[in-house]
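These notes concern the structure reproduced below.
These numbers were taken from a predicted model, which means no experiment stands behind them. Positions are given from 1 along the sequence. Counting starts at 1 for both ligands and their atoms, in listed order.
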Amino acid sequence: MPEISSPVLWHGGDYNPDQWLDRPDILEQDLLLMQKAHVNCVSVGIFSWSLLEPEEGVFNFAWLDSVIDRLYAHGISVCLATPSGARPAWMAEKYPEVMRTDAQFVRRRFGGRHNHCLTSPVYREKVKRIDGRLAERYGKHPAVKLWHIGNEFGGYCYCDLCKKAFQEWLKEKYTTLDELNRRWWGAFWSHRYSRWEQIDPPSPLGETSNPSMQLDYARFMTAQCASFIREEREAIRPFSSLPVTVNMMWDFADYDYHTLAKEVDVISWDAYPYFTGASNLKTLAEACMNHDFMRSLKDAPFLMIESSPSKVNWHPVNHLKRPGMHLTSSLLAVFSGSDSVMYFQWRKGRGGSEAFHGAVMDHSGRDDTRVFRDVTEVGDALIRLSDLKAQPLEKAKVLIVSDTENRWACLNVQTGYQGKMDPILEAHRHHQALMQLGVRCDVKDMSEDTRLEDYDLVICPQLFMYREHFDKRLESYVRNGGCVFQTCFSGIVDGDDLAYLGTAPHGTAQVFGIRDPELDALYPEETITLRLATGESIPAMEICEYPEDVTADTVLGVYETDFCQSLPCFTLNHYGAGLAFYLAARVDTEALKTVYERIFRDVPVERTVDFPLPKDVVALSRGASTLIANLGAGTRLIKMTSPASDRLSGALLNESFALESGRCVVIARKQNG
Ligand code: GAL
């Protein structure tokens, strides 16, 4: 698989010189300012199609030649984009089929971006042609290091081309309509199909009440996106063997990223946490779970290819990062495995909907701004920490299973606490608890590629759907000495989203020593508490289960209120050579910290640092260094076991030192053992 050839961590971002071609003075200034801010890589041409091909078949590359040559002359590398994220007006006018059709079966008009049909043969043809031209011209340019395919692939189309392709995809999958009707549970509400042509994409005008069908449409749309990316890559390949990437997004559920990951060489993503004036722990822990997920997609470093140097313009409240937070949030990405800190965007445009989105260069055109200083500080830090790039990433020993297909099933399920069934929310609570306890995790899906045996502890937060023989793999993992921690609403449906018959959780009831739990949903004002054997009481929230029968050998907690009084809710079962923990109630992050401290008594896991982390303080290690960051609203006292020096400032840190809100330090990593 092609890899990025760069000895340094990248610092840079989206650069849109095509908006400034009438201002050569600005283009000239950009290069000098980039050097000043230690920018060494930029993404170019993401939305340039109307300039590259102003009329069908008429190409204009002169401006891009000059941009890339001049970046190269200034020592700046290029991620060159294919322009498929937004198409020119002439194409929408001449070939309406390229435009996306919404779930009401209405075709969209020209405008916006990311609103084309990924099935349309015309669109695919036009994209391949421009991609081939770009690759032929720039594929061997020494500045170009990476292909940035399209932009933030997302959304579904419901046009007739997609409908036909969906029917073909279903035929391929099910072979016969009988099989489809059986696995879609077609007898319900008389929803059997007698001809393939009767099957429409799921739409509010027709069918939205068949979860198995909705699951298949999500799979089909993922397959269309994957084949679209593949065709773009294949258009490039005759001319360039450079790696390709697509920029992915935060907790994104339109497509299954595990499938898309197979089509690219390098994983990259766009990180836009919601900063607040108070504690930023939750938002940055959520960003870090996404970082961990991206790293885990290929067990390799990834790129944070977009982030904001200050604020965005599309959050409900567009809060500025407070002092220190730009460096801290950027280094959290790097210590999670990112080989870059890149921004949207280098320079604010004068118009368009993003004219007031944060950028390195503001409309003032000045470099004596807070943002420019913050960005330069990050550039400087990346140079100081460049040794991280050369050191191999270590594998985590704890795995959180987070699976997009399970997510789709949970988002469609009609039970429990409506609006609160997204399992990613549960996964985040676990990740956040573990992060505060200094435990590093991988985040992977249920597919056969995920080797449970690589981990000391496997966490299964709300795995409603067991697919790909997950029950058997989990059973064998525990029997052979693995440790698992599963939470409520797991092991209930199969990969077709059909309820398993027989004892639940399917295939693992004996492993956990619990049987057929009954699911309850709690009103916000309702309080059911759990009493742990260690003496603490913790509140349940949203959903909880009351097991019909518990044979687990150790009860670690019982319900202490309501009709479920004294019923086990937190259990440990010794199964084969392994351990199986089960938590029957959903609890918040604080409570999960208590739960994990109990689990770690039996399952020793490595912590990032050998001293307790104060509230809201996190620590991440990469290579020979450890980042300590205060994400809380106030100053925190860090009490280490020995003095250390800060690799960022060069200052000597006493054994106890005060770390201000939003600030971070980087120290030498503790030696284990
Ligand atoms: C990203 C997108 C960029 C820009 C940015 C603004 O999602 O890829 O083009 O729109 O958001 O935050």
Among protein heavy atoms, which sits nearest to atom 8 (O) of ligand 1, and what does the distance come to when rounded to 0.1 Å?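 The closest one turns out to be Glu306 OE2, 2.8 Å.
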
State the atoms of ligand 1, each with its element, that fall below the 4.0 Å cut-off from a heavy-atom position in [X].
X      : value
Phe47  : 9 (O)
Trp314 : 6 (C), 12 (O)
Glu354 : 4 (C), 5 (C), 6 (C), 10 (O)
Asp270 : 8 (O)

Lys/Arg-Asp/Glu bridge criterion (N-O < 4.0 Å) met for [X], [Y]:
X      : Y      : answer
Arg384 : Asp380 : yes
Glu286 : Lys282 : yes
Glu354 : Arg113 : yes

Show your reasoning for whether side chain to side chain contact (heavy atoms under 4.5 Å, CB included) applies to Lys321 and Lys311. CA-CA 7 Å; Lys321 289 179 186 175; Lys311 63 184 175 199; over 6 Å; no

Please work out which of Glu152, His357, Gln345 has its closest non-hydrogen atom nearest to atom 12 (O) of ligand 1. His357

As a test of understanding, state which of Val334, Leu331, Asp339, Leu382 forms a side chain to side chain contact (heavy atoms under 4.5 Å, CB included) with Leu388. Val334

Arg113, portion touching ligand 1 at heavy-atom distance under 4.0 Å: side chain

Side chain, backbone, both or neither: which part of Met249 has a heavy atom under 4.0 Å from ligand 1? neither

Compute the centroid of each ring, for Phe153 and then for Tyr255, and state whether the two points are separated by less than 6.0 Å. no

Is the distance between the ring centroids of Phe293 and His258 less than 6.0 Å? yes

Between Asn151 and ligand 1, does any nitrogen or oxygen pair lie at a separation below 3.5 Å?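 Checking ligand 1 against Asn151, an N or O pair does fall under 3.5 Å apart.
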
